[in-house]
Amino acid sequence: MRIGYPCINRGIGCTSSRAFRLASYSERRLVETVAQNLDCLESVLRWNAEHGILFFRITSDLVPFASHPVCTYDWARQFHDRFRRLGRLVRRHRMRISMHPDQFVLINALDEAIGQSSVRELGYHARVLDLMGLPASAKLQIHVGGVYGDKPASIVRFVERYRSLPDPIRRRLVVENDDRCYTVADCLEVNRLTGVPVLFDVFHHRVNCSGESVRDALRRCAATWRKRDGLPMVDYSSQEPGQRRGRHVEHIDIRDFREFLEAVRGIECDVMLEIKDKEESALVASAAASRARRR
DNA sequence: TCTGGTCAAGGTGGT
DNA sequence: ACCACCTTGACCAGA
């Protein structure tokens with residue numbers, strides 16, 4: 001079991017998600033920013049390797065405006081060697097990588113233009129992982145999308161659009177149960193119709209549950225991952241006390257995490273912690289997971 | 001140098 | 001009609 005955290009290392013003193021306003025876009029600015037972001041990503045991956053954190057979610061902001069029409073610059077060519085080097089680092093340490101395109105990616109959108117910009121955005125994400133030379137087990141996780149007042153029809157639209165996705169996207173795409181609309185059961189239905197693996201989010205499952213126990217839900221989701229997809233990925237978080245339902249914790253609740261480990265015992269998976277303090281909680285979780293393994 | 005309003009993009013649910 | 005939230009902060013104009 002690899003333990004990971006998303007996008008940012010808060011202690012390391014740099015960020016790989018530097019960006020700038022669209023109004024100040026220039027090629028020079030883009031190249032500068034991407035160079036800094038890649039430098040920082042390398043520092044973070046090295047830090048992770050040294051600390052035994054072998055799962056990491058790369059930020060969508062690595063290349064700002066990559067899928068925006070304003071960006072006509074060939075950043076992939078410019079940074080080809082840098083990406084290759086990062087990929088070698090990842091493979092050398094047998095690290096796992098994911099990306100999570102943001103909420104604007106809706107492949108089942110009613111509006112065709114939104115569907116198309118979503119495909120462009122996914123294409124950018126796939127390009128990053130391809131440039132790093134990572135296998136199909138490096139995943140892009142998205143939600144099924146909007147409901148638009150008719151879930152069955154929206155699932156059908158997802159299935160149709162999924163089938164016409166370019167292969168570089170499709171081979172990496174996985175769907176995750178969300179905290180409002182699409183439950184584990186809905187995602188499993190999408191899997192049945194498309195074969196797309198289902199990434200189990202245990203916290204969303206608590207907030208938006210289709211009735212299965214955590215163990216049962218994870219087992220069913222895990223069964224949707226084929227050999228080439230790698231170990232099933234799981235998102236873990238828990239409720240911040242006193243805050244609105246669905247709010248992620250600031251720091252790992254170690255008792256809750258141990259319960260989670262107990263519930264998933266014997267089911268192989270890689271766990272991404274969606275917790276605000278990032279690498280700090282990842283270190284705590286990693287130690288807890290090692291102790292649990294030894295027992 | 002510091003700070004608060006604002007930033008490419010959509011949908012949902014609560015007020 | 002408006003706002004907070006989403007997985008996540010950082011830019012930048014004006015003081």
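Just so it is clear, the values below take in all heavy atoms, side chains as well, and ignore hydrogens, waters and symmetry mates. Order of the sequence lines fixes the chain letters, A, B, ..., with proteins taken first and strands second; residue numbering starts at 1 for each chain.
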Using modelled atom types and a 3.5 Å cut-off, is there a donor and acceptor pairing between side-chain atoms of Asp186(A) and backbone atoms of Thr183(A)? yes
Check: Arg96(A) side chain, Arg2(A) main-chain N or O, donor-acceptor pair, under 3.5 Å: no
Could you check whether [X] gets within reach of a base, just the sugar-phosphate, or nothing at all, counting any heavy atom under 4.0 Å?
{"X": "Tyr148(A)", "value": "sugar-phosphate"}
{"X": "Arg29(A)", "value": "sugar-phosphate"}
{"X": "Val147(A)", "value": "sugar-phosphate"}
{"X": "Pro101(A)", "value": "base"}

Using the [atom1] atoms only, state how far [M] lies from [N], rounded to an integer number of Å.
{"N": "dA4(C)", "M": "dT8(C)", "atom1": "C1'", "result": "15 Å"}
{"N": "dG9(C)", "M": "dG10(B)", "atom1": "P", "result": "22 Å"}
{"N": "dC5(C)", "M": "dT3(B)", "atom1": "C1'", "result": "24 Å"}
{"N": "dC7(B)", "M": "dC3(C)", "atom1": "P", "result": "14 Å"}

Phosphate OP1/OP2 of [N]: any [X] side-chain N/O under 4.0 Å:
{"X": "Thr15(A)", "N": "dA10(C)", "answer": "yes"}
{"X": "Ser24(A)", "N": "dC12(C)", "answer": "yes"}
{"X": "Arg18(A)", "N": "dT8(C)", "answer": "no"}

Testing the 3.5 Å rule here: is there a donor-acceptor pair between the side chains of His251(A) and Asp277(A)? yes
If we count only N and O atoms by modelled type, under 3.5 Å, do the side chains of Glu212(A) and Ser210(A) hold a donor and an acceptor together? yes
With no angle test and no hydrogens, is the base of dT6(B) tied to the side chain of Arg21(A) by a donor-acceptor pair under 3.5 Å? yes
If one requires at least 3 consecutive Watson-Crick or G-U pairs with distances under 3.5 Å, the stems of DNA chain C turn out to be B:1-7 with C:9-15, B:10-15 with C:1-6
If I take atom [atom1] in residue [X] and atom [atom2] in nucleotide [N], what distance separates them, rounded to the nearest angstrom?
{"X": "Asp150(A)", "N": "dT12(B)", "atom1": "CG", "atom2": "P", "answer": "12 Å"}
{"X": "Glu274(A)", "N": "dC5(C)", "atom1": "CD", "atom2": "P", "answer": "17 Å"}
{"X": "His204(A)", "N": "dC5(C)", "atom1": "NE2", "atom2": "P", "answer": "15 Å"}

If you check the [X] side chain, which of [options] turns out closest?
{"X": "Ile8(A)", "options": "dA8(B), dG9(C), dG10(B)", "value": "dG9(C)"}
{"X": "Asp179(A)", "options": "dT7(C), dC11(C), dG11(B)", "value": "dT7(C)"}
{"X": "Ile114(A)", "options": "dG9(C), dG10(B), dA9(B)", "value": "dG10(B)"}
{"X": "His143(A)", "options": "dG10(B), dG9(C), dT7(C)", "value": "dT7(C)"}
{"X": "Gln103(A)", "options": "dG11(B), dT8(C), dC12(C)", "value": "dT8(C)"}
{"X": "Arg180(A)", "options": "dT12(B), dT8(C), dT7(C)", "value": "dT12(B)"}
{"X": "Glu121(A)", "options": "dG11(B), dT7(C), dA9(B)", "value": "dA9(B)"}

Taking the ring of Phe20(A) and the ring of Phe65(A), is the distance between their centroids below 6.0 Å? yes
State whether Arg161(A) and Glu112(A) are salt-bridged, where the test is any N-O pair (Lys NZ or Arg NE/NH1/NH2 against Asp/Glu carboxylate O) under 4.0 Å. yes
Is it true that Glu32(A) and Arg28(A) make a salt bridge, defined as a side-chain N closer than 4.0 Å to a carboxylate O? yes
Should the pair Tyr162(A) and Phe158(A) be assigned to parallel (<30°), tilted (30 to 60°) or perpendicular (>60°) ring geometry? parallel
Just wondering, do His248(A) and dT7(C) stack (centres under 5.5 Å, planes under 30°)? no
Verify stack between Phe104(A) ring and dG10(B) base, 5.5 Å, 30 degrees: no
Value rounded to 0.5 Å, distance of OH in Tyr148(A) from CZ in Arg157(A): 6.5 Å
